[in-house]
Amino acid sequence: MLQITDTIMIEDWELTEQFTRASGPGGQNVNKVSTAVELRFEAERSPNLPDAVKRRLRRLAGRRWTADGAILIRAEETRSQARNRELARDRLAELIRAATVAPKRRIKTRPTLGSQRRRLKAKAVRGTVKSLRGKVEPDD
C-alpha cells in the first residue's frame, strides 16, 4: 500500500511493476541485471481517487497517461533495482499530491483608467513615428 495523503492511499493491486535492463553506466552488470523499473498505476479505475483529482492528474501526467487510463513511470537512474523502484513510487506519489491541489480561480480585473490612457497615448505616439517614415519629397 502506498500512502499519498491522509485521505488517499493506493492499493497494491492498482500498481504493477515491470523490470527491464537500464541504459547508461553499469559496467558488465548492465547487460545482465534488470534494474530499470516501469511502474504502471491504473488511475482511471482507482476507487481511491476522487474524480476531480483524476481529471487534474490526467492533465499533469501528459504523455505518461495511456489510452486505457493508466500512468506509466519509468525510473532507471541508479544501478539498484530497489532504489529505482523507490524513486518510481516517490514520483507517482508527488504527481498525485500535485493533482490533489485545486487551482485557485482567477478573478477578472479591469485595467485602470490611467493604464488605458497610457496605452492609447503610446499607440498614438508610435503611429506618428511610423507615419513620418514615408518617402521624403524634395522641396522645389
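Not measured: the values here are computed from a predicted model.
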- Query: Within a strict 4.5 Å, meaning less than it, do heavy atoms of the E14 and N48 side chains meet?
  - Reply: yes
- Item | Heavy-atom side-chain proximity of R56 to R59 below 4.5 angstrom | yes
- Message: Quick check: closest heavy atoms across V53 and A99, and the distance to 0.1 Å?
- Response: O-CB, 3.8 Å
- Message: Nearest 0.5 angstrom please: I73 CD1 to R91 CZ, how far?
- Response: 7.0 Å
- Note on the structure: To the nearest 0.5 Å, atom CD1 of I10 lies from atom CZ of R89 at 10.5 Å
- Message: For a 4.5 angstrom cut-off between non-hydrogen side-chain atoms, does S80 reach E86?
- Response: no
- Message: Whether the side chain of K54 engages the backbone of S46 through a donor-acceptor N/O pair (distance < 3.5 Å, no angle test) should be reported.
- Response: yes
- Can F19 and E38 be said to form a side-chain contact (heavy atoms from CB on, under 4.5 Å), step by step? CA-CA 6 Å; F19 298 98; E38 193 173 88; over 6 Å; no
- Validation row: E42, L15 side chains within 4.5 angstrom (heavy atoms): no
- Message: Test of understanding: clusters of I, L, V, M, F, W, Y form through side-chain heavy atoms closer than 4.5 Å, transitively. Do L92 and L87 belong to the same one?
- Response: no
- Which is it for L72 and L39 under the side-chain contact (heavy atoms from CB on, under 4.5 Å) test, yes or no, and what are the steps along the way? CA-CA 6 Å; L72 288 177; L39 183 69; over 6 Å; no
- Compare all side-chain heavy atoms of W65 with those of E44 and state whether any distance is below 4.5 angstrom. yes
- Note, L57 side chain near L49 side chain (heavy atom, < 4.5 Å): yes
- Decide side-chain hydrogen bond (donor to acceptor under 3.5 Å, both in side chains) for S131 and T128; before the verdict, give the C-alpha distance in whole Å, the side-chain angles of both, and the deciding distance to 0.1 Å. CA-CA 5 Å; S131 68; T128 55; 5.7 Å; no
- Would you check if the side chain of N84 reaches a backbone N or O of E77 as a donor-acceptor pair within less than 3.5 Å? yes
- Item | Ionic contact status for R74 with E76, cut-off 4.0 Å | yes
- Query: Does D90 come within less than 4.0 Å of R85, counting only side-chain N to carboxylate O?
  - Reply: no
- Please check if the side chain of Q81 supplies one atom and the backbone of S34 the other of a donor-acceptor pair under 3.5 Å. yes
- Task: Please check if atom CZ in R97 has more than 12 non-hydrogen atoms from other residues, nucleotides or ligands closer than 6.0 Å.
- Result: yes
- Show the numbers, then the answer: is there a side-chain contact (heavy atoms from CB on, under 4.5 Å) between L95 and R64? CA-CA 11 Å; L95 191 65; R64 293 175 288 192; 3.6 Å; yes
